[in-house]
Amino acid sequence: MHPKEFHTRFLLLDSPEELSGADAALLASARQAIGMSYSPYSRFKVGAAARMVSGALVQGSNQENASYPAGICAERTLLSVAATLYPGEPIDTLAITYQGEGSSDVPITPCGICRQSLSEFQARTGKPMRLILRGATGPIWVFEDAGALLPLAFGAGDL
Ligand code: THU
């Protein structure tokens, strides 16, 4: 028997002043994307913004539906926009933020389905993407590789 372990490493920043100017602007863009959220059912607004490797910016927000499972998270909205506007181009960095009805001072991480989609987006574009996660206030979490959120991911090579 051989025990195996995973270690997930991320950076904890106390404020946006610790981010580069480009990353702080990306987080601000994600915050702005909250305004495009359609979330009358959960009242939980999520905004995302990505900087493509070319420097182009893409935004996404969660889009809900009266048929609840038809709703889509901000992250997958964004991935669809990115793949459509910039086919094959990797995302360098993705910022995700949110505003619920309560406090918003702890980062949220992508849901399981989004982790799967992020994993395949990285695989198909050939580059790990950085993640910047923050609420309205509070600490910022930075992951250098979104794949760290889904160890042992199922992928195209498994089919
Ligand atoms: N949601 C996202 O858009 N991204 C996440 O990372 C977590 C959840 C959305 C889905 C739904 O519209 C609402 O937040 C509540 O789950």
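Position 1 is the first residue of the sequence, and the numbers go up from there. Hydrogens, waters and symmetry mates are skipped; everything else that's a heavy atom, side chains included, is used. Note that ligands are numbered from 1 as they come in the structure, with each ligand's atoms numbered from 1 the same way.
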contact_flag P110 ligand 1 heavy-atom lt 4.0 Å | yes

Would atom 16 (O) of ligand 1 count as contacted, meaning some protein heavy atom under 4.0 Å?
-> no

What is the nearest protein non-hydrogen atom to atom 12 (O) of ligand 1, stated with its residue, atom name and distance?
-> E64 OE2, 2.5 Å

Do the ring planes of F10 and W141 sit parallel (below 30°), tilted (30 to 60°) or perpendicular (above 60°)?
-> tilted

Fit a plane to each ring of Y41 and Y68, take the angle between them on a 0 to 90° scale, and name the class: parallel (under 30°), tilted (30 to 60°) or perpendicular (over 60°).
-> tilted

For ligand 1, does I96 get within less than 4.0 Å through its side chain, its backbone, both, or neither, judged by non-hydrogen atoms?
-> neither

Contacting atoms of ligand 1, where contact means under 4.0 angstrom from a heavy atom of S42 | 13 (C), 15 (C)

Would a distance-only check, ignoring hydrogens and angles, find a side-chain to backbone donor-acceptor pair under 3.5 Å from T97 to R31?
-> no

Tell me, which protein residue and heavy-atom name are nearest atom 9 (C) of ligand 1, and how many Å apart are they?
-> N62 ND2, 3.6 Å

For the pair R134 (side chain) and G138 (backbone), establish whether a donor and an acceptor sit closer than 3.5 Å, ignoring hydrogens and angles.
-> yes

Checking side-chain contact (heavy atoms from CB on, under 4.5 Å) against S37, which of T77, V46, N62 comes through?
-> N62

If you measure every N/O of A74 against every N/O of ligand 1, is any gap under 3.5 Å?
-> yes

Ligand 1 contacted by S39 (non-hydrogen, < 4.0 Å) | no

Under a 4.0 Å heavy-atom limit, does C73 contact ligand 1 with its side chain, its backbone, both, or neither?
-> both

Which residue supplies the protein heavy atom nearest to atom 6 (O) of ligand 1, what is that atom called, and how far is it?
-> E75 OE2, 2.6 Å

Nearest to atom 7 (C) of ligand 1, what protein heavy atom do you find, and at what distance?
-> I108 CD1, 4.3 Å

